[in-house]
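Structure first, commentary second.
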Amino acid sequence: MNKKHKIDEKQHNVNLAMILSFIPGIGQYYNQRLIKGTIFFGLFVSFIFTFTRFLDYGYWGLVTLGTLTGIDDSRTLLIQGILAIFLTVVALGFYIVNIFDARRDANKIKNGETIPSIRKAIYDWFDNAFPYLLITPAFLLLSFVVLLPLIFMIFLAFTNYTRYNAPPGNLLEWIGFQNFIDIFNVPIWRDTFFSVLSWTVTWTFGATTLQIALALFLALIVNDSRVKFKRTIRTIFILPWAVPAFVSILIFAALFDDNFGAINRDIVIPLLGTGLPWMTDPFWTKTAIIMIQTWLGFPFVFALFTGVLQSIPNDWYEAADVDGGTAFQKFRKITLPHILFVTSPLLIMQYAANFNNFNIIYLFNEGGPGVRGQNAGGTDILISWVYKLTFENNMYSIAAVISVILGLTIATFAFFQFRRSRTFKEEGEI
Amino acid sequence: MLMINGGNKMKKMTRIISMIFLAILLLLVACGPDRSERNNSTTNNSDENPEKPKELIIGLAHEPHQVEVLENIFDSFTEETGIKVKTIKDMETEKLSLDAPAGNGPDLFFSFHDRTGDLLSQGLVAPIELTEDIKADYVEESINAMTYGQQLYAIPQVIEASGLIYNKELINDDEVPTTLVELEEIGRERTDKENDEFGFLLEVRNAYFAYPFMTSEGGYIFNQSEDGDYDVNDIGLANEETVSSLKRYQGWMEEGFLPREIGDGTVNGLFEEGKVDLIVHLPRQLLRFHDVMGEENVGVAPLPKTDDGKPLQNFMGVKGWYISAYSENKKWATELALYLTNPETSKKYFEEAREIPANTEMYESDLVQKDELLGGFAEQLKYAVPMPNVPEMTTTWDPMKNALQYISEGDDPKEVMEEAIDIITEQIQLQK
């Protein structure tokens with residue numbers, strides 16, 4: 001401690017401290033923070049010794065994707081490259097923290113503040129960093145489970161990974177935006193892409209809006225004070241949610257069978273005299289899956305709405321009654337805004353979920369029936385088409401491109417909607 | 001120097017710092033790994049008589065009851081040679097393609113012959129050199145199925161193909177149709193749609209089962225040259241013979257004794273309920289029917305022949321043992337594969353795992369040919385052709401299925417098949 005008094009506080013140079021800490025630890029030494037400086041310098045040296053080879057190999061692999069056919073595995077190299085990027089980001093973060101730390105301490109010295117003991121510094125740091133410490137494991141796990149595959153897929157979109165150029169027997173190459181250009185330039189891709197996209201959008205809005213509308217309607221009715229046995233009715237309405245969706249879908253697929261399904265045999269034929277081509281005509285398949293999704297999806301929204309409805313204070317309605325408000329006005333001005341205010345982010349998620357609702361499309365009719373002259377099936381949405389491209393035709397790069405486009409669409413949509421809806425704004429921002 | 005607390009200066013600093021850091025990184029990148037040592041370690045497989053390994057790793061893709069049988073066989077192999085056999089169960093191609101290059105893959109693995117092209121283009125399989133004598137020990141078509149570009153890539157273990165499964169309570173053994181005309185008669189006479197009763201059923205839009213009827217008068221998916229290579233640019237699905245076969249097939253639906261659309265589940269369900277006399281299906285489904293309906297009530301016959309006595313061609317599926325390209329014990333892995341397919345082991349496997357062996361001696365023996373259960377399939381296998389083993393084959397299923405849909409809806413077969421060929425050709429082009 002007594003050494004510190006030897007520093008000429010006015011002469012202490014902040015910029016010099018920063019520049020010295022370009023080699024981590026040296027700036028801290030200049031600030032007379034010997035232990036901290038040693039720790040930083042030690043970390044720096046051990047990082048260099050431990051990871052230089054890893055980073056070197058990682059970046060080399062990421063740039064070249066391998067040079068020896070049959071020995072280098074481009075996929076492994078790609079993953080190591082991504083890990084090298086992760087590591088670089090962490091190291092860079094540490095590096096910058098180190099420089100700013102030197103600056104902060106130098107400033108403190110210059111301003112004549114006393115610098116706390118190392119023990120107190122650690123204590124303070126722990127106090128401040130505690131929440132970060134808690135989220136670190138989850139964050140690391142998330143980076144590996146979510147971020148790594150995501151980045152891997154994005155990178156694949158820029159390679160020539162196809163059936164005939166598949167690792168480990170072949171090396172991948174970077175081909176820039178060629179796959180993206182192909183999707184919009186090659187006629188068969190473009191036509192299929194846009195026809196699938198337009199059905200995907202119709203499907204998303206049709207099915208989701210219907211399931212929300214149905215849920216709202218039922219929630220309002222069940223919530224009416226005149227309705228008895230509310231609990232029983234609610235339980236029954238929530239049942240479709242209780243059965244795993246894929247089981248329901250498979251059973252529906254059997255029910256809707258053109259020749260042998262119960263819907264045609266026991267309902268449609270007695271009523272209309274002839275069965276409807278549920279499985280073989282794109283229009284009717286689309287109708288069927290929208291109805292099924294409405295059935296499958298409404299219970300969640302129904303439960304949500306019911307909960308919110310019960311939280312609306314009764315005196316609001318009483319006040320409206322006093323002012324002579326009609327039932328519709330009460331709904332329009334009190335109920336609806338209140339419900340939407342609370343639930344809109346979750347409703348947006350419903351749209352996003354249906355946009356990527358692979359289960360129902362694939363399990364009901366495998367994206368079929370076929371449409372003459374078209375590459376994808378009549379009810380294929382983008383995600384089920386991607387599945388077919390990947391697993392039936394091994395067109396990994398193109399599938400990755402479409403996935404990237406899908407991801408961007410969802411992300412943009414969600415981003416703007418979340419920003420606009422108030423629920424997700426942090427305190428004080430409203 | 002004066003310390004300014006302004007943001008601009010800070011930004012500049014940050015930029016400089018990151019640039020220095022990146023410069024260091026770029027220096028590192030420029031080096032790259034030293035490749036010379038890596039090169040040397042991979043050239044150790046050329047030995048004529050490699051040392052006997054302690055252990056061989058084998059990748060399986062079998063049902064649990066088959067794994068049990070195989071494990072017994074591995075034990076006797078260990079007894080005879082002293083080499084231990086370690087198994088990896090459920091070896092999928094995706095897993096293989098990641099594990100093998102990393103050095104965790106099997107020496108020998110089990111797969112289907114139609115995957116050969118894909119496995120090869122991923123560089124996962126090593127060629128197998130066998131003398132003509134040894135090759136002759138296996139059913140010729142099964143060796144052809146495992147041959148790609150005139151090079152053998154696997155040793156066949158079992159073969160399978162569809163057959164005519166019939167309900168003995170509904171139809172006598174001698175009533176089972178042997179020609180298409182007889183089949184049509186059964187269809188006409190015994191179909192009563194009101195009661196869901198059918199003389200004869202198959203999953204009508206599944207090209208795998210429909211193929212023998214699609215090509216009853218001739219035709220092919222990819223043309224095969226004399227030396228066994230497939231020409232993926234020559235697709236024979238719209239030639240005269242196929243179109244006329246398809247018209248006949250379409251006629252069955254127009255006439256009404258074959259439904260226009262029926263799924264696999266419904267076919268099997270109706271058969272189990274005893275409402276269908278005959279269906280076209282695979283051996284593994286037969287085993288299920290045995291459990292449900294009792295062994296004595298189900299029989300198998302070969303598919304009917306054409307009116308002039310030509311057998312129908314269905315697809316032969318061949319399953320066998322591939323040597324991993326990354327194996328360091330290729331010779332001993334081949335030994336194991338040969339052991340697994342020798343007559344003795346084939347017999348044991350046939351008796352216990354109930355699959356038809358590709359080993360000629362066993363296949364031709366009365367034990368297989370006269371087998372109560374599988375004899376009918378074994379006979380049909382004489383006429384079956386291997387499904388093309390080129391990777392392009394997977395591209396054909398969806399377009400063929402859709403074409404069968406349009407045909408079942410009454411569209412002109414020729415037009416529909418030509419469209420299907422266009423789509424297949426286009427997709428093959430796109431995959432390049």
Side-chain angles (χ1 to χ4, degrees), chain A residues 13-16 18 22 52-53 55-57 59-64 67-71 73 75-76 88 91-92 95-96 99 107 110 162-170 182 186 188-189 253-254 257-260 277 279-280 368-375 377 388 392-395 398, chain B residues 1 3 5 13-14 17-18 20-21 25-26 28-33 35 38-39 42 97-98 100-102 118 120-124 193 196 259-263 265-266 269-270 325-326 391-392 394-395 397-399 401-403 405-406 408-409 411 416 419 422-423 426-427 429-432:
Chain A
N13 191 327
V14 176
N15 288 335
L16 184 62
M18 281 181 75
F22 279 5
T52 311
R53 233 192 108 62
L55 286 176
D56 175 28
Y57 189 64
Y59 281 102
W60 166 83
L62 195 60
V63 172
T64 60
T67 49
L68 298 176
T69 310
I71 294 171
D73 186 340
R75 296 163 305 173
T76 317
T88 314
L92 215 58
Y95 193 69
I96 289 166
I99 291 172
N107 265 330
K110 199 172 165 153
T162 62
R163 158 168 283 154
Y164 302 94
N165 191 48
N170 301 283
D182 282 352
V186 179
I188 188 168
W189 280 130
D257 191 286
D258 286 4
N259 296 310
F260 305 95
M279 287 302 203
T280 48
V371 180
R372 275 182 78 168
Q374 189 185 302
N375 211 330
K388 287 181 179 174
E392 285 170 16
N393 294 328
N394 295 23
M395 295 156 109
I398 294 287
Chain B
M1 232 198 234
M3 180 60 212
N5 251 344
M13 269 304 186
T14 332
I17 294 165
S18 20
I20 293 172
F21 204 88
L25 276 177
L26 283 176
L28 293 174
V29 171
C31 311
R35 306 315 296 272
R38 287 164 61 91
N39 270 333
T42 55
S97 94
L98 287 170
D118 263 341
L120 194 59
S121 78
Q122 290 181 51
L124 294 172
K193 270 195 169 171
D196 285 345
R260 288 173 195 274
E261 152 73 343
I262 187 164
T266 322
L270 288 174
Y326 294 87
E392 286 85 352
T394 52
T395 312
W397 293 116
D398 248 18
K401 179 180 147 202
N402 288 336
Q405 179 198 326
Y406 311 136
S408 77
E409 285 162 2
D411 291 359
V416 165
E419 267 177 37
D422 285 347
I423 289 179
E426 221 164 14
Q427 291 210 0
Q429 287 305 320
L430 284 174
Q431 289 170 28
K432 297 248 179 219

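Reminder, nothing fancy here: chain letters follow the sequence lines and each chain counts from 1. Please read these numbers as outputs of a predicted model, since none were measured by experiment.
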Side chain / backbone / both / neither for [X] at chain A, heavy atoms under 4.5 Å:
X       : answer
S97(B)  : both
E392(B) : both
E261(B) : both
P391(B) : both
E426(B) : side chain
D422(B) : neither
L120(B) : neither

Rounded at 0.5 Å granularity, tell me how far [atom1] in [X] sits from [atom2] in [Y].
X       : Y       : atom1 : atom2 : answer
Y326(B) : I71(A)  : OH    : CD1   : 8.5 Å
T266(B) : D257(A) : OG1   : CG    : 5.0 Å
K388(A) : D398(B) : NZ    : CG    : 5.5 Å
L430(B) : W189(A) : CG    : CH2   : 5.5 Å

If I measure from the heavy atoms of chain B, does [X] come under 4.5 Å with its side chain, its backbone, both, or neither?
X       : answer
N394(A) : side chain
N393(A) : both
P167(A) : backbone
T76(A)  : neither

Check your understanding: Looking at P168(A) and L124(B), what are the two nearest heavy atoms and their distance?
Key ->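 Scanning both residues completely, I find the closest heavy atoms to be CG-CD2, 3.6 Å.
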Practice item. Identify the heavy atoms of G370(A) and N402(B) that sit nearest to each other, and give their distance. Key: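 In terms of heavy atoms, the two residues are closest at CA-OD1, 3.4 Å.
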**Study point:** Identified side-chain contact (heavy atoms from CB on, under 4.5 Å) counterpart of R372(A) within the set E419(B), Q405(B), E409(B)
**Key:**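 Testing R372(A) for a side-chain contact (heavy atoms from CB on, under 4.5 Å) against E419(B), Q405(B), E409(B) leaves exactly one candidate, E419(B).
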Check your understanding: Can any side-chain N or O of D73(A) pair as donor or acceptor with the backbone N or O of L98(B) at less than 3.5 Å?
Key ->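 No; judged by distance alone, with no hydrogens or angles, the pair does not exist.
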Review point. Where the side chain of Y164(A) meets the backbone of D118(B), is there a donor-acceptor pair that is under 3.5 Å apart?
Key: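 Side chain of Y164(A) to backbone of D118(B): no pair is present.
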Let's test your reading of the structure: which of [options] forms the most heavy-atom pairs below 4.5 Å with chain B?
options                           : value
G61(A), A253(A), G169(A), A254(A) : G169(A)
R163(A), M279(A), E392(A)         : R163(A)
T69(A), V186(A), V371(A)          : V371(A)

Review point. Does N165(A) have any side-chain hydrogen bond (donor to acceptor under 3.5 Å, both in side chains) partners at least two apart in sequence or in another chain, and if so, which?
Key: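 If we apply the side-chain hydrogen bond (donor to acceptor under 3.5 Å, both in side chains) test to N165(A), skipping adjacent residues, the hits are N160(A).
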Practice item. For the pair D258(A) and R260(B), evaluate salt bridge (charged side-chain N to carboxylate O under 4.0 Å, His left out) and give the outcome as yes or no after the intermediate values. Key: CA-CA 9 Å; D258(A) 286 4; R260(B) 288 173 195 274; over 6 Å; no
